[in-house]
Amino acid sequence: DVQPVAVRVTASQLFADYEANEIAADEKYKGKVIVVSGTIDNIGKDILDTMYVTLDSGKPLFNVQCFFSDKHKSQLSNVAKGQQVMVKGKCDGKFGNILLRGCSFE
């Protein structure tokens, strides 16, 4: 079930593409496995206890939110805010934040 990586992009470029034209960005990214590079802005869990990291988009308020399954807990406990990372995941489009699901670190 390993899907090829469709595109590599920085978190700020990904966000800029969505800001410029959400329809075009969905065509390019949504439903595809992408690798996003960026700086960790936050590490936490959502209301369903799903672990995530957010990558700084260069914009206030919104960022790239990458959701990880529990099997990645040890990896997530070893990263820190401000760290440069590359995250692979399936882009789920923009809902305020740009969401990546099923993530792993590259």
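Note that the structure is predicted; figures quoted are calculated from it, not measured.
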Please tell me whether Val64 and Leu61 are part of a single hydrophobic cluster in this structure, the criterion being side-chain heavy atoms less than 4.5 Å apart.
yes
Got a second to check how far Glu22's CD is from Asp17's CG, nearest 0.5 Å?
12.0 Å
Quick one: pull up SG in Cys91 and OH in Tyr18 and give me the separation to the nearest 0.5 Å.
3.5 Å
Taking all atoms of both residues into account, what is the closest heavy-atom pair of Asp92 and Arg101, and its distance?
OD2-NE, 2.7 Å
Which heavy atom in Glu27 sits nearest to a heavy atom in Lys32, and how many Å separate them?
O-NZ, 2.8 Å
Residue pair Ile98 / Tyr29, side-chain heavy-atom distance below 4.5 Å
no
Would you say Phe62 ends up clustered with Phe67 if hydrophobic residues are merged whenever their side chains have heavy atoms under 4.5 Å apart, either directly or through other cluster members?
no
Measure the CD-OG distance between Gln13 and Ser37 for me, rounded to the nearest 0.5 Å.
10.5 Å
Lys73 backbone acceptor or donor facing Ser77 side chain under 3.5 Å:
yes
Is there a donor-acceptor contact under 3.5 Å from the side chain of Thr39 to the main chain of Asp56?
no
Atom CD of Glu106: over 12 foreign heavy atoms under 6.0 Å:
yes
Transitively linked via ILVMFWY side-chain contacts under 4.5 Å: Val85 with Leu76?
yes
Please confirm whether the backbone N or O of Thr50 pairs with a side-chain atom of Asp46, one donor and one acceptor, at under 3.5 Å?
yes
Rounded to the nearest 0.5 Å, what separation is found between the CZ atom of Phe15 and the CG atom of Asn97?
7.0 Å
